[in-house]
Amino acid sequence: MQRSRFRTACAVAAIAALTVGIAGCAESKRDNSSTSKDKTLVFGTAGEPKVLDPALATDGETYRPPRQVLETLIGNEQGSAKLVPRLAEKWDVSPDGTVWTFNLRKGVKFHDGTDFNADAVCQNFNRWFNFTGLYQNVAEYWLDTFGGFAKSESPTAPPSNFKSCAAKDSNTAVISLNKPTSRLPGAFTLPAMSIQSPKALAEYANESMSGDAKNLTYPKYALEKMVGTGPFKFVSWDRANKKITMERNDGYWGDKAKIAKLIFRAIPDENARRQALEAGEIQGYDLVAPADVPSLTSKGFDVPARPPFNILYLGMGQDNPKLADVRVRQAIAYAVDREALVKSKLPNGAKVADQFMPDSVEGYASDVKKYPHDVAKAKSLLAEAGATGVELKFYYPTEVTRPYMPNPKDIFEILKAGLEEAGIKVTPVPEKWSPTYLDDVRAGKPDLWIVGWTGDYNEGYNFVGTFFGRQKPEWSFDNVALRDALAKVDIEPSREKRIEMYKDINKQIMEFLPGVPLSSSPPSIAFAKNVKGVKPSPLTDEKFYTAEFTS
Amino acid sequence: MIRFIVRRLLQLVPTMFGLSLLLFIWLHRLPGGPETSILGERATEERRAQIRASLGLDEPIWVQYGRFMRKLVAFDFGTSIQTGRPVMTEFGQRFPATLELTVTALVIAIGIGIPLGYMAARRRGSWLDNGTVMGSLLGVCVPVFFLAYVLKAIFSEYLHVFPSSGRQSDLLEATHVTGMFVLDGLITREWDAAGDALLHLVLPGIALASIPFAIIVRMTRASVLEVVGEDYVRTAEAKGLTERTVRGRHILRNALLPVATVIGLAVGGLLSGAVLTETVFAFGGIGSFLRDSIEFRDYPVLMGFIMMIALVYVLVNLAVDVSYGLIDPRVRVR
């Protein structure tokens, strides 16, 4: 027995020694790598991109890598939604708003060594315009901006607003439209409109998107290549380890990146991202839970908030005859306590919203009808409408964090409390965000629901047009006057006039009250103590080439 | 024995067929479809309908199933909707990670579980025994993801001993041969890569091992206690046989039969437990990919992966049945 005990002790000691040994070994390796001057920044993302070709997607995670590797004609000033020159040094538009002329930056080269010029710009625009098959289904932003394709395959697709792209000379590209649109120039800043190397596109991107009709197979280009003009060059996408690696482009036309390498690693779990930052494995991450902000800050991490550029709102389905009565909708607006919501459930810097766009968007109106928290008024409106004790199905999403909605259940609870105080019975319907909740909201099942929107660029249409520009089952109402006003503002070439028109539209919306705008929140992003230089962007358009290690 | 194995393998065919049918119907009846994930939140109803049509999801379910089965005969599971690459490629790229993790967990669970269970039984009532019983109870009760966070908080955040996520340090450029990083490091003699990968396996390995470990410890202890009381053990001890012989030939050999069954069942549990563990540790195996695929309603991946996991499960249990024969000669005679 004695011998056996001795052997057990030996085994335990051996295992302990081995573990400590390995740990020590790896520790020393990590130390070595951190002394080099050219460092690698590893940034934790909430998800992987779907594809590498931003023209085929709409989501932020897909856009993050192209934002470092590819460039658009017009960019956003770092840290704001203001338009600044990027691949175009300057641009102007004809008085009727249909001809856009871009003076392109000279001496810019793609990562594959070919020249960037007006031809390259037109080849990109013509490629999008000539998309066929499944490409037409997934090129959402092209559809959104230019309406349709050379040969639209869907009978419901609108006619294309894109007429042509011509290279006037090698440094002047002219894009002509059929009619003016409010979505430009803002949409020229979208990652979906990034200019890619025509050589790389010709080599790979002309492959069919679908090998057979029943399989959505992306072309190799969208999965393995990304060749642009940006400050970083794409190196690899390690899909098994959810890691995208980029390296500095030493031939970049502008300020060169201050770090040698940039890695985006997908860590879907929110806690896991925080723990990876605290353990020093990553040097920054996105979608910080508001609850983690104070503790990270107190530990010395840099947790800047993005300027709020989003709207959270409470939707009301007018399929329900009770909700078709504007007095009931007004009662709901008076019943919900938005001040309390913003103060207790949303991160610092969040604001109460009084219309369907944040106050930083051009066209925000200061004199819309307001609905301050007033339970007595809500009760009397309900009584007037004969809707006291009305029962409403209130859908809210679970297992999701959105930049405008950090904690849906908490938000639901506080709204529910207000509604019940005013005498409305609430039937809660919690559902998983994707796809159940979104599908049900879209199909118009709920009476009440919460959802929101982050803007793509600083144009009122990107908010109110998205919500009410066309009829949708979720809103289930047809306000012809509002739809006409939105159609008119969309083709108004004068920015000054558009701003006035949006103000008027906002007033109309808040009188009609299809839903209750709740808040605009600043989503946070976190960085290690020794990382500086990344400016949080209201459009989540962070550029990492300005990132640097201070120690 | 060979007839037994062949018969069991033949039984596989109807089992897998039935599973595929049930799974196919169940998956396609889940609310929602992949179109939301493909198009994002902003798509219109028409475009979503177009995507469904282009993926063949608007056809009757039996037509879709027929198409799936026709392809399956050629061992083609189709293309992942979320990545646009063949399901087999996705599986091949991720399975080594999960295999490495489950093997680590199994080694921890068996390698420590059986000796500890044996020692606890042999020293019944001692502090070791009480501690083992308590510890294994905790192992069963504490949810894997909770344990994972606690382990990470202690060993990654505070002590900085083990990494909290991933399979290898991001700054390391290692050569990959099999996709099992520790093995790759040993094959290519990149010792730091092997060490680094091993280090990344420790916490997820422990988290994943916690439940099977607890079950194996308790099963071994109970089984050994039962066997120790048998006449033949007492006879063997009375004959003056060495402790080693008594332990190996008489106690363990007889006690391990139920433990083998439990290990077989545990493998199935490990594969499904890997979904949680890999998610929490951002490990990048089939577990976390399955989780993403459920979110995405990526039907081809879900069908393919679950069928393959089921196949592994059935084969492991077949191996367990075969191992009975090796452990207990009486089974062979029958």
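Being a predicted model, the structure only gives us computed values, none of them experimental. Throughout, a chain's letter reflects where its sequence line sits, starting with A, and its residues are numbered from 1.
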Handout entry: Between A/Phe43 and A/Tyr285, ring centroids under 6.0 Å
Key = no
Handout entry: A/Asp456 and A/Tyr63: side chain donor to acceptor below 3.5 Å
Key = no
Completion exercise
Bottom line for A/Ile267: the part with an atom under 4.5 Å from chain B's heavy atoms is both
Completion exercise
If one checks every heavy atom of B/Phe155 against chain A at 4.5 Å, the contacting part turns out to be neither
Exercise for the section: Kindly indicate whether the side chain of A/Phe131, heavy atoms from C-beta on, has any atom under 4.5 Å from the side chain of A/Trp142. Expected result: no
Handout entry: Segment of A/Ala443 engaging chain B (4.5 angstrom heavy-atom cut-off)
Key = neither
Problem - Heavy-atom contact with chain B under 4.5 Å, split by part of A/Leu143 - result: side chain
Fill in the blank from the handout: Cut-off 4.5 Å, heavy atoms of chain B, and the answer for A/Lys472 is neither
Problem - Contacting moiety of B/Ala153, where chain A heavy atoms sit under 4.5 Å - result: both
Problem - Most chain A-contacting option - heavy-atom pairs closer than 4.5 Å, from B/Tyr158, B/Phe289, B/Tyr149 - result: B/Tyr149
Problem - Donor-acceptor pair between A/Gln275 and B/Ser165 side chains, under 3.5 angstrom - result: no
Handout entry: Proximal component of B/Gln82, with respect to chain A [non-hydrogen, under 4.5 Å]
Key = backbone
Handout entry: Carboxylate-amine/guanidinium contact A/Asp292 A/Arg274, below 4.0 Å
Key = yes
Exercise for the section: Would you confirm whether B/Ser169, through its side chain, and B/Leu171, through its main-chain N or O, come within 3.5 Å as a donor-acceptor pair? Expected result: no
Completion exercise
Whatever's closer than 4.5 Å to a heavy atom in chain B on A/Arg239 counts as both
Exercise for the section: Check whether any side-chain heavy atom of B/Ile251 sits under 4.5 Å from a side-chain heavy atom of B/Val246, and report yes or no. Expected result: yes
Handout entry: Counterpart residues, side chain to side chain contact (heavy atoms under 4.5 Å, CB included), relative to B/Arg244 (two or more places apart)
Key = B/Thr242, B/Arg247
Practice task
Please flag which part of B/Phe181 lies under 4.5 Å from any non-hydrogen atom of chain A: side chain, backbone, both or neither.
Solution key: side chain
Handout entry: Residue among A/Asn271, A/Thr40, A/Asp144 with most heavy-atom pairs under 4.5 Å to chain B
Key = A/Asn271
